[in-house]
Number of protein chains: 2
Amino acid sequence: MGTGDYELLWGEVSRPSRGRPAGLSRERIVAEARAIADAEGLQKVSMKHLAERLGSGVMSLYRHVPGKDELVLLMYDSLMTGPPPIPEADHWREILRGWGQGVRGLFNTHPWALSVATSERSMGPGEATWVDAVIGRLTAVGMPIELALISVLTVDCFVMGAVRPELAGDSGEAEFFQFLADPAMRARFPNLALLTQPGAATDVAMGDHFEFGLERVLDGLERHIETSA
Amino acid sequence: MGTGDYELLWGEVSRPSRGRPAGLSRERIVAEARAIADAEGLQKVSMKHLAERLGSGVMSLYRHVPGKDELVLLMYDSLMTGPPPIPEADHWREILRGWGQGVRGLFNTHPWALSVATSERSMGPGEATWVDAVIGRLTAVGMPIELALISVLTVDCFVMGAVRPELAGDSGEAEFFQFLADPAMRARFPNLALLTQPGAATDVAMGDHFEFGLERVLDGLERHIETSA
DNA sequence: ACTGCGATGCGTATGCGATACGCTAATTAG
DNA sequence: CTAATTAGCGTATCGCATACGCATCGCAGT
């Protein structure tokens, strides 16, 4: 992966005038694959299943995408075809907050995207468009461009990390600490046990974990800006 | 996954006195699988390859682990069998910094672990031990326990997000912005183009991205503590 | 020792997913 | 009308996880 993906993501899709015209298209394949992933999970995206949905033969797909792995990369980048989540605000903090929440929303809408995002890959046109846009907006409101880049990266890092527990299930904590039902385990993990005692304010903390963490990251950036100035 | 893993991770490994004694053991299988993953990547961990390494038949493995997916979970949790990365410090900030760096080191030593960590899963005994330990240490130096938990979660989120680009390759930036070699692309992404201009201080920023981000997160937590007090 | 239960080791068979190859069908340039 | 060119896709292959059932091995109880 890594290197060879460049051609795939950035190469142009040729549309020859000669020869048999294409019924399928890379666009349609990627869109249908995304529909499957959204509805049934990335695991259910097989070339066979995909071909059935498209009403075509399995091997026909290979005329439009090099292979399964590459298809997944295309699926991911196509998520960022639309407008980036940049709020109409004039303060960097609000812009980054909106950006972070937008990215979170993306992963919540397309849970399969997280595993793609956290795999080794190179940046595609969609992602580049989005990143370029935020950075442009941040510099427009006065943020130095190097700081803008690293701030976006930092926020993204936090968001990707923080989104995982959300995807694990709404119940969250209940299953997360399931083992603490056993008294022996409460003795083995006394601190975790404290947190699940009746009366502990953990529920609130866990529920708002994303918001809390994001604000802390923004606080940290703010302090850095104040200190540097 | 998710729910059914509980028994696997927390259930006791029976050692019956009757019947034929086991030559293989779950422990040995997991250890060998980890060795393969460390050396050749998680993708190369197949039941066949693993069995060859262990000098056993493929199906013998299934007497000790339920299946491949479960094996991977066991591999991950076994990473946290040793002592947690908690520095001998008395200030929460140093403790969390050391913890964050330690977790980062874990993922750098075992790159395959990141994809497991970012998949949906439940907490195993190893991870529980580590988390219990940090939280205990943080409360010991005066941090409220709810804050300790959410701070650890926040740091973990950042670390997991920030570690990915590191694993992608040492070159990092060069390949990351490969498409910007094309003048047409520099026009299409003007802000990213600025960042790769000769003279831009991006190299430094990207290189220290982890350290920078971690300090920002810690700054954010510090401000929150000051404000709350 | 002897025997039989209870557990392990593992060969074989199955089924699924990805994909290489090569033939067939559909257009269009000349 | 024909040759060139490209898309559609059936068939075959290969790797991988794993269900099933049999053979094997030792200890427990006699």
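Every chain is numbered from 1, with letters handed out A, B, ... down the list of sequences.
With rounding to whole Å, L54(A) atom CG is found 15 Å from dA7(D) atom C1'. Whole-Å rounding puts the H49(A) NE2 to dA18(C) C1' distance at 16 Å. If you measure from atom CG of L50(B) to atom C1' of dC10(C), you get 15 Å, rounded to the nearest angstrom. We find that CD of E52(A) is positioned 14 Å from C1' of dC9(D), with the value rounded to whole Å. Rounded to an integer number of Å, the gap from R28(A) CZ to dA7(D) C1' is 13 Å.
Residue S60(A) has a polar side-chain atom (N or O) positioned under 4.0 Å from OP1 or OP2 of dC9(D). At the phosphate of dG8(D), OP1 or OP2 sits under 4.0 Å from a side-chain N or O atom of H64(A).
A search for side-chain contact (heavy atoms from CB on, under 4.5 Å) contacts involving P66(A) returns L8(A), R26(A), E70(A), not counting sequence neighbours. Annotation: side-chain hydrogen bond (donor to acceptor under 3.5 Å, both in side chains) contacts of D38(B) (sequence neighbours excluded): H110(B), W112(B). Considering only residues two or more places apart in sequence or on other chains, D156(A) meets the side-chain contact (heavy atoms from CB on, under 4.5 Å) condition with W99(A), V103(A), V152(A). E40(A) pairs by the side-chain contact (heavy atoms from CB on, under 4.5 Å) definition with I36(A), K44(A), H49(A), R53(A), not counting sequence neighbours. In this structure R188(A) satisfies the side-chain contact (heavy atoms from CB on, under 4.5 Å) test together with M185(A), W10(B), P125(B), T129(B), sequence neighbours excluded.
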Strictly under 4.0 angstrom, non-hydrogen atoms only: write out the protein contact profile of nucleotides 22-30 of chain C, one letter per nucleotide from the 5' end, B, S or -. B--BBBSS-
Spell out protein contact along nucleotides 11-20 of chain D as letters: B when the base is contacted, S when just the sugar-phosphate is, - when no protein heavy atom is under 4.0 Å; keep the 5' to 3' order. B-----SBBB
Taking distance alone, no hydrogens or angles, what donor-acceptor pairs closer than 3.5 Å link side-chain atoms of residues 55-62 of chain A to residues at least two apart or in another chain?
{"from": "S60(A)", "atom 1": "OG", "to": "G57(A)", "atom 2": "O", "distance (Å)": "3.4"}

Listed pairs under 3.5 Å, donor-acceptor, residues 75-84 of chain A side chains, sequence neighbours left out:
{"from": "D77(A)", "atom 1": "OD1", "to": "G126(A)", "atom 2": "N", "distance (Å)": "3.3"}
{"from": "D77(A)", "atom 1": "OD1", "to": "E127(A)", "atom 2": "N", "distance (Å)": "3.2"}
{"from": "D77(A)", "atom 1": "OD2", "to": "G126(A)", "atom 2": "N", "distance (Å)": "2.7"}
{"from": "S78(A)", "atom 1": "OG", "to": "R34(A)", "atom 2": "NH1", "distance (Å)": "3.0"}
{"from": "S78(A)", "atom 1": "OG", "to": "M75(A)", "atom 2": "O", "distance (Å)": "2.8"}
{"from": "T81(A)", "atom 1": "OG1", "to": "S78(A)", "atom 2": "O", "distance (Å)": "2.8"}

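Shown here for H209(B) and C157(A), the closest heavy-atom pair between the two residues is CE1-SG, 3.5 Å.
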